[in-house]
Amino acid sequence: MTLFLSQLLNGIHVGSIYALIALGYTMVYGIVQLINFAHGDILMLSAYLVVVGITKLGLSPALSVLLSIVVAVVFGVILERVAYRPLRSSPRISSLITAIGVSMLMQNVAQLIFSPNPIPYPITLSVPALNLGGLYLSFTTLLTVVLSVGLMFLLQIFVSSTKAGKAMRAVSEDTGTALLMGIHVNRIISLTFAIGSGLAAIGSLLYCIAYPSVAPTLGSLPGIKAFIAAVLGGIGLIPGAMLGGFILGIAESLAKAYISSRMSDAIVYGILIIVLLFKPAGLLGTKTREKV
Amino acid sequence: MLIVKDLSLYFGAIHALHGISFHVEEGEIVTLIGANGAGKTSILCAISRILPIKTGDIIFNGNSITNTAPHLLPQYGLSQVPEGRRVFARMSVKENLEMGAFFRKDTAQIRRDRDRVYEQFPRLKERRHQLAGTLSGGEQQMLAIGRALMSSPKLLMMDEPSMGLSPILVSEIFEIIKTINEAGTTVLLVEQNANMALSVSHRGYVLETGKIIAEGKSQDLLNNELVKKAYLGIA
């Protein structure tokens, strides 16, 4: 029972990181129907920024993290402006390939600057774990879950009750009609990239605290997992990304404990395939029909 | 109020509009009628700047809006009810109306306008917390009209508001158009239902494959032999 509960905690821990990253994929997809494959690499960018901030610039960890978030946000906005906006009216495959290209470019530039060798992440948390009657709850897990859930909650409030958030939903449903309403669509798209990238930078912090090694390919694995989480929950849907992230994290960590740690990824992908067979639009996705 | 001069538009290599010119005066209901594919929707989308214009000039209230950013047009008093309603299905009725007033900041006036829309469409008030996607087709059309009215437009462009509705709803929609016009909003109406459109409007233009082939007072168009034969189904 203790094993089960502690694995469940681990699952919620990684799941909440996946969910944070998945939000970026799903929001961008929802608004411009683009799978931003460079999203995972924003994690890598933020991680290196923290490394540079602390070890090269001598900034405090808090300031370095803040710097990494700000730069990630600006980078996300510029990325959309430079790489994706010019292709918005081209076939979708063009922007998809551009996204893959951006991802490769970022990884290669990182290799050039930092070499392919992993370096340690300079932030570690050494707060003793809480003992809950034999079940250990680490401070990292607590921080990760509280921070992620808090951010998701704020995002949900933003999207459901602010004017900009509602405009975001309107653009994501129907860009042309949103334009007719006088919504500055380009600004809303930039805002979406900004939020997604900011969440990725925070996701990067939480991920690197859990797996404290920074390499140019850092973003690939959590990136692809978060993408799967977004698809699993229903891509384009914010609650779907959260649900998908948690399901994925929990399934992965239970599979590691009870089935096989080497098979855990295969099991996770298997879950995705089975879910998509029965619900092609994801767990929360629905097909909207035209009313007469 | 609206002057369209020599408007041409291409879809790829296809020349969709050939030098269209027409005008709408303040207080009028002007209708553009024509068969499917004649270019009616393209004209509205060109005015709203959703489609790129090849040549031509669009003048609204004395100013050229040919190069205006499309999201600014509602602020100038130009609003469009898009073809096929296009309500935001996953947003509530109330939120849809809020989107219609997106650029406005005068909260009190927005609330008054919303109450007026609710007064005109009591069904929308009853269903204001429902998702727009759960409304019936007629209710969605009313929401689309109400949403466009929320920008308090000077000129309301309506694209096929009767499409896909039952005959009773169709006459209701045309009554609503008249009421909106009587309240002081100029209307540019695009319709396939030529008979209905000509009977509520003051003037009309007949379009065929991207050209205007006839124009005049709606009453005269209703009696025009060519129009009767081609669009009203009267031999």
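Residue numbering restarts at 1 for every chain, and letters A, B, ... go by the order of the sequence lines. All heavy atoms count here, side chains included; hydrogens, waters and symmetry mates do not. Computed from a predicted model, the values in this text were never measured in an experiment.
A side-chain donor-acceptor contact under 3.5 Å links B/Ser171 to the backbone of B/Pro167.
Ring geometry, A/Tyr84 versus A/Phe193: the interplanar angle falls from 30° to 60°, so the pair is classed tilted. Using cut-offs of 30° and 60° on the angle between ring planes, the pair A/His39 and A/Tyr25 is perpendicular.
Within residues 40-74 of chain B, the residues having any heavy atom closer than 4.5 Å to a heavy atom of chain A are B/Ser48, B/Ile50, B/Pro70, B/His71, B/Pro74, listed by residue number. Taking 4.5 Å as the heavy-atom cut-off, the residues of residues 144-165 of chain A that approach chain B are A/Ser160, A/Lys163, ordered by number.
Classification of B/Glu175 and B/Lys178 as a salt-bridged pair holds, one side-chain N sitting under 4.0 Å from a carboxylate O. Under 4.0 Å is where a charged nitrogen must lie from a carboxylate oxygen, and between B/Arg104 and B/Asp113 at least one such pair does.
Every pair passing salt bridge (Lys or Arg N to Asp or Glu O under 4.0 Å) that includes a residue from residues 132-150 of chain B is listed here, sequence neighbours excluded: B/Arg123-B/Glu139, B/Arg127-B/Glu139.
Of the listed residues (B/Gln75, B/Met91, B/Gln80), the one with the most heavy-atom contacts under 4.5 Å to chain A is B/Met91.
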For residues 241-249 of chain A, which side-chain N or O atoms pair as donor and acceptor with protein atoms under 3.5 Å away, sequence neighbours left out?
none

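When heavy atoms are compared at a cutoff of 4.5 Å, B/Gln141 does not approach chain A at all.
No side-chain donor-acceptor contact under 3.5 Å links B/Arg128 and B/Asn96.
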Could you go step by step and tell me if B/Thr179 and B/Gln120 meet the side-chain hydrogen bond (donor to acceptor under 3.5 Å, both in side chains) rule? CA-CA 9 Å; B/Thr179 319; B/Gln120 194 163 13; 4.7 Å; no

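Heavy-atom minimum distance, A/Pro222 versus A/Leu43: CG-CD2, 3.9 Å.
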